Amino acid sequence: MERRTIGAAALEVGAVGLGCMPMSWAYTTSEQDGESSLRTVHAALDHGVTLLDTADMYGPFTNELLLGRVLARRRAEAFVSTKCGLLVGEQHLVANGRPGYVKRACDASLRRLQTDVIDLYQLHRADPEVPVEETWGAMAELVAAGKVRSLGLCAVGVRARRRAASVPPYEETIRQLERIQQVFPVSCVEAELSVWSREALGSLLPWCEARGIGFLAAMPLGSGFLTGTLTVGGGFEPDDVRARHPRFTAEMMAANQPIVAGLRRVAARHGGATPAQVALAWLLAQGRHVVPVPGAKKERWAVENAAAAGLRLTAGDLAEIAALPAAQGSWD
């Protein structure tokens, strides 16, 4: 697989990563299976994927434990990204950016992952009660201690900002990035970006590119919608985040089918390509600093996603995708 170098620390990763969250958190509990997930991670590594993206809150904790079983055997082949800063409560999440907590969380992640160093340690959410510089300073101390190789930030705020059209998307994230850059270099930003969610193209992606900061594209397949494999009106299990997602009502899924149809048209011009592979290839074409991180819990999807790194879209393909209609469905 093509390798991409991201961030000031010159981190080298496979052009397509693997999002591990669906294996343990947020999506269709009945389909979560530990042994199947292990096979998925191994298959991804076998096909050139190196970046494995997780977080301590996924499960919570069980996702890191699962990855630890793979890393115990194949640590040298993997680039490990995990996150801290969010605690799972009863039906809610709580940010915790206190320096002491961040350091304890890192030690706990290292134990679960069965490794002595984390390649990319990301702040999942800034704590509104703790200056972000203090949290970031504690994370920088972990780099100095040799427990972490580089630092990243998960972008926040774009969905809430949709309510106020006058507020530019990711404005809050960019302000945070400018503050923490004064403390320690940011190597990566992780934010939602896909064919049906393009807000990051406006300011956040260019901001990263201008500073040599890597961009991890989260939810690059639109939580499965852009794969074209979901049945309109099929419904979701109550604990699946899509059951409460305003773009996954039967009405909105039907309304957004022209987006999938457009991806299918492009895929048809590339032999056996799939809509998912076209969606990932579109992201890869947005800049050499972009690494999509599609989530997968089944081996066949991880293999299909990895193969997208070899798909080269033409200028005509990209223009056709750019002309696809915007996704419908309010987030409010």
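Remember, predicted model here, so these are calculated numbers, not experimental data. We number each residue from 1, following the sequence as shown.
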**Asked** Using 30° and 60° as the class limits, which term best fits the ring planes of Trp196 and Phe248: parallel, tilted or perpendicular?
**Response** perpendicular

**Asked** Going through the distances and angles, do Glu12 and Arg4 end up as a salt bridge (Lys or Arg N to Asp or Glu O under 4.0 Å)?
**Response** CA-CA 6 Å; Glu12 187 177 86; Arg4 294 198 160 188; over 6 Å; no

**Prompt:** Got a sec, which residues hit side-chain contact (heavy atoms from CB on, under 4.5 Å) with Ala105, two or more places apart in sequence or on another chain?
**Reply:** Asp56, Cys84, Tyr101, Tyr121

**Message:** Whether the side chain of His245 engages the backbone of Val241 through a donor-acceptor N/O pair (distance < 3.5 Å, no angle test) should be reported.
**Reply:** no

**Prompt:** Would a distance-only check, ignoring hydrogens and angles, find a side-chain to backbone donor-acceptor pair under 3.5 Å from Arg244 to Pro238?
**Reply:** yes

**Asked** Under the 4.5 Å side-chain heavy-atom rule for ILVMFWY, direct or indirect, which residues accompany Leu65?
**Response** none

**Prompt:** Going by the salt bridge (charged side-chain N to carboxylate O under 4.0 Å, His left out) test, which pairs reach into residues 211-227, not counting sequence neighbours?
**Reply:** none

**Message:** Do Gln122 and Ser81 pair up side chain to side chain, a donor and an acceptor below 3.5 Å, judged on atom types alone?
**Reply:** yes

**Message:** I need the minimum non-hydrogen distance between Cys106 and Val148, along with the two atoms involved.
**Reply:** SG-CG2, 3.9 Å

**Message:** Counting neighbours of CD on Glu2 that are heavy atoms of other residues, nucleotides or ligands and sit closer than 6.0 Å, is the number greater than 12?
**Reply:** yes

**Request:** Using a 4.5 Å cut-off on heavy atoms from C-beta on, say whether the side chain of Val13 contacts that of Arg3.
**Result:** no

**Request:** Mind jotting down which residue pairs meet the salt bridge (charged side-chain N to carboxylate O under 4.0 Å, His left out) criterion with at least one end in residues 272-282? Sequence neighbours excluded, please.
**Result:** none

**Request:** First locate atom NZ of Lys83, then atom OG1 of Thr54, and finally report the distance between them rounded to the nearest 0.5 Å.
**Result:** 6.5 Å

**Item:** Between CG on residue Asp33 and NZ on residue Lys297, distance to nearest 0.5 Å
**Value:** 11.0 Å

**Message:** Please check this pair: side chain of Asn63 against backbone of Cys20, looking for a donor-acceptor N/O pair closer than 3.5 Å.
**Reply:** yes

**Request:** State whether the number of non-hydrogen atoms from other residues, nucleotides or ligands found under 6.0 Å of Arg98 atom CZ is greater than 12.
**Result:** no

**Asked** Would a distance-only check, ignoring hydrogens and angles, find a side-chain to backbone donor-acceptor pair under 3.5 Å from Thr227 to Ala276?
**Response** no

**Message:** When you compare the side chains of Arg75 and Thr115, does any donor N or O come within less than 3.5 Å of an acceptor on the partner?
**Reply:** yes

**Message:** For Arg73, I'd like to know if atom CZ has over 12 heavy atoms of other residues, nucleotides or ligands within 6.0 Å.
**Reply:** no

**Asked** Counting distance only, does the side-chain N/O of Gln181 pair as donor-acceptor with the main-chain N or O of Val186 below 3.5 Å?
**Response** yes

**Request:** Determine whether the side chains of Glu304 and Thr274 contain a donor N or O and an acceptor N or O closer than 3.5 Å.
**Result:** yes

**Prompt:** Is a side-chain donor or acceptor of Asn305 paired with a backbone partner of Trp301 at a separation under 3.5 angstrom?
**Reply:** yes

**Request:** For Arg74, look at atom CZ and say whether over 12 heavy atoms of other residues, nucleotides or ligands are found less than 6.0 Å away.
**Result:** yes

**Message:** Minimum heavy-atom separation for Val293 and Leu18, please, with both atom names.
**Reply:** CG1-C, 3.6 Å

**Asked** Which pair of heavy atoms, one from Tyr27 and one from Gln32, lies closest together, and at what distance?
**Response** O-NE2, 3.1 Å

**Message:** For the CG atom of Leu204 and the CD atom of Glu199, what is their distance to the nearest 0.5 Å?
**Reply:** 11.0 Å

**Request:** Just grab all the side chain to side chain donor-acceptor pair (under 3.5 Å) pairs involving residues 314-326, residues at least two apart or on different chains.
**Result:** Arg265-Glu320, Arg269-Asp317, Arg269-Glu320, His270-Asp317, Thr314-Asp317

**Item:** Which residues share a side-chain contact (heavy atoms from CB on, under 4.5 Å) with Glu209, sequence neighbours left out
**Value:** His289

**Item:** Ala78 versus Asp119, closest heavy-atom pair with distance
**Value:** O-OD2, 3.6 Å

**Path from Val88 to Phe61 over hydrophobic side-chain contacts below 4.5 Å** = no

**Side-chain donor/acceptor of Arg312 to backbone N/O of Ala309, under 3.5 Å** = yes

**Message:** Once rounded to the nearest 0.5 Å, what's the spacing between atom CD1 of Ile213 and atom CG of Leu177?
**Reply:** 6.5 Å

**Asked** Would you say the side-chain atoms of Glu64 pair up with the backbone N or O of Tyr58, donor to acceptor, closer than 3.5 Å?
**Response** no

